[in-house]
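Beneath this line is the structure, given in structure tokens, with notes to follow.
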Amino acid sequence: MNIYLYILVMAGVTYLIRMLPLTLIRGKIRNRFVKSFLFYVPYACLMAMTFPAVFHASDHVIAAVAGVVVAILLALKGKGLMTVAVAASVTVFLVSLVCGIQA
Amino acid sequence: MKDGIPIALGYFAVSFSLGIAMLSAGMTAVQGAVMSVSNLTSAGEFAGVRVIAAGGGLLELILTQVIINLRYSLMSLSLTQKLDEKVTLWQKLLIAFGNTDEIFAVAMNHQRSLTLPYMLGLQSLPIIGWTAGTFLGAVAGGIMPRSVSMAMNVMLYGMFIAIVFPVARKSRAVLIVASIAVFCSCLFRYVPFLQGISDGISIIICTIAAATLGAIFFPVDEKEDA
């Protein structure tokens, strides 16, 4: 199937999600369940996408684990998104390098 | 517009790794750039790329986008409360397009009510950074050594970790919800008879399951709602 069709559908859906509440809804959401659900969605979704996929994103599992550990430690120290992302990436690169030499 | 510079730089680096992921999914750099400029959503595009790579159907694609990007509807909702009264309907249509997590965060921290010029200025550079990064990532992904592109693959995950973990440390509820999502996602990956289920569907099921449990057992207090 044409990849541009996929892209078009994605863009359309994403835009509607952003646009409809902004234009249609003027009051506040009162339903506590809906509010709570929407509050948890980003965290659940990001973690479901990250784990366990991240461990398979590198040729060496050890390197991926090291990258994740570094990312978590820095994130808990309150470092910014970029710092964490770059540090994780550099860790994976360096550990893979070491693994590559041994292999 | 100045407020958009740090966002644009961050987007550039992250979308660079998104571009690499697109390349390994069999997409071209131009397709990647078109997707980024029209979608403008890291998690959504990333999930979309995974559906495309797996040859998933359109319904699956739509469902993933709705679930993953559902949070934007909440942000748009909060944004309505802060927009300047003079902002007209068609101006809202423009503002809605660039309502990403980071832009929303900066906009909500802005001291005054949000006008159209402020919002467009804030959004312009991040959109450029996001699109250019995706394009260059997909181009460079082809010529970079495998070890480098594999390492950059991890950047996006690193960003996700950086978003979730600080919040999970402060809130036990978020920690539990996130753990449920991870557990569920591991089930789909490693339990034999569940492995046939595609990536996109698995993300949807895990997200809905974890967020629903969270909403039932840890309803958000009025105070916590930003």
Side-chain angles (χ1 to χ4, degrees), chain A residues 3-4 6-7 9-11 13-15 17-23 25-26 29 32-33 35-54 57-59 64 67-68 71-72 74-76 78-82 84-90 92-93 96-97 100, chain B residues 10 13 27 31 34-35 38-39 41 43-44 48 52 58 61-62 65-66 68-74 76-77 79-80 89 92-93 96 99 147 150-155 157-166 169 174 177-178 181-182 185-186 189 203 206-207 210-211 214-215 219-220 225:
Chain A
I3 224 151
Y4 284 105
Y6 277 103
I7 296 176
V9 169
M10 280 173 66
V13 172
T14 305
Y15 181 64
I17 292 171
R18 284 176 172 147
M19 183 270 277
L20 290 178
L22 197 63
T23 51
I25 303 174
R26 293 194 173 83
I29 296 185
R32 202 166 176 220
F33 178 83
K35 269 166 75 174
S36 307
F37 179 81
L38 289 173
F39 171 77
Y40 290 120
V41 159
Y43 306 113
C45 161
L46 291 179
M47 286 299 97
M49 285 205 291
T50 304
F51 299 102
V54 61
S58 163
D59 287 334
V68 169
I72 292 176
L74 290 178
L76 290 180
K79 302 288 180 197
L81 300 193
M82 271 316 297
V84 174
V86 171
S89 173
V90 169
V92 169
F93 177 73
S96 307
L97 219 60
Chain B
M27 292 172 63
Q31 288 168 341
V34 171
M35 184 188 276
S38 60
N39 279 266
T41 155
I52 290 172
L58 278 182
L61 186 77
I62 293 173
Q65 297 304 307
V66 169
I68 292 174
N69 291 335
L70 205 59
R71 66 182 190 284
Y72 291 132
S73 61
L74 194 70
S76 286
L77 207 63
L79 213 55
T80 53
L89 179 67
K92 282 183 185 170
L93 294 180
N99 186 20
S147 57
M150 288 301 264
M152 296 205 61
N153 244 336
V154 180
M155 266 179 82
Y157 294 118
M159 192 182 78
F160 294 162
I161 288 174
I163 292 174
V164 176
F165 275 74
R169 188 167 72 160
V174 170
V177 168
V182 170
S185 149
C186 288
R189 183 89 186 206
I203 292 170
C206 295
T207 304
V220 180
D225 139 66

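So you know, we letter chains A, B, ... as the sequences are listed, proteins then strands, and number each from 1.
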Exercise for review: Quick one: list whatever passes ring-ring contact (aromatic ring centres under 6.0 Å, His included) with A/Tyr43, sequence neighbours left out.
Suggested key: A/Phe39

Review point. Who pairs with B/Tyr72 by ring-ring contact (aromatic ring centres under 6.0 Å, His included), at least two apart in sequence or on another chain?
Key: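 None.
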
On a heavy-atom basis, which atom in [X] and which in [Y] lie closest, and how many Å separate them?
X: A/Arg18; Y: B/Asn99; value: NE-O, 3.0 Å
X: A/Cys45; Y: B/Thr207; value: CA-OG1, 3.3 Å
X: A/Ala75; Y: B/Phe165; value: CB-CB, 4.1 Å
X: B/Ser76; Y: A/Pro21; value: CB-CB, 4.1 Å
X: A/Ile3; Y: B/Gln31; value: CG2-NE2, 2.9 Å
X: B/Ala215; Y: A/Phe37; value: CB-N, 3.6 Å

Point to revise | Atom group of A/Ala53 that falls short of 4.5 Å from chain B, counting heavy atoms | key: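 Both the backbone and the side chain of A/Ala53 come within 4.5 Å of chain B.
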
Most chain B-contacting option - heavy-atom pairs closer than 4.5 Å, from [options]:
options: A/Thr14, A/Val9, A/Val86, A/Val68; result: A/Thr14
options: A/Val41, A/Val13, A/Ile7, A/Val84; result: A/Ile7
options: A/Val90, A/Ile17, A/Val92, A/Leu74; result: A/Ile17
options: A/Ser96, A/Gly67, A/Ala88, A/Ala71; result: A/Ala71

Give a yes or no answer on whether the side chain of [X] reaches the backbone of [Y] with a donor-acceptor pair at less than 3.5 Å.
X: B/Ser185; Y: A/Phe51; answer: yes
X: A/Ser89; Y: B/Ala151; answer: yes
X: A/Ser36; Y: B/Pro219; answer: no
X: A/Tyr15; Y: B/Ala96; answer: no

Review point. Under a 4.5 Å heavy-atom cut-off, does chain A meet the side chain of B/Ile163, its backbone, both or neither?
Key: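 For B/Ile163, backbone and side chain are both near chain A.
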
Check your understanding: Do the non-hydrogen side-chain atoms of A/Phe93 and B/Ser147 ever get within less than 4.5 Å of each other?
Key ->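 The answer is yes, as the side chains (C-beta and beyond) meet within the 4.5 Å cut-off.
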
**Study point:** Close side-chain approach of A/Lys35 and B/Val220, heavy atoms under 4.5 Å
**Key:** no

Could you check which of [options] has the highest count of heavy-atom pairs closer than 4.5 Å to chain A?
options: B/Met27, B/Arg169, B/Arg189; result: B/Arg189
options: B/Leu79, B/Ile203, B/Leu93; result: B/Leu93
options: B/Ser73, B/Gly48, B/Pro166, B/Ser38; result: B/Ser73

Exercise for review: To the nearest 0.5 angstrom, please state how far the CE atom of A/Met47 sits from the CD1 atom of B/Ile161.
Suggested key: 6.0 Å

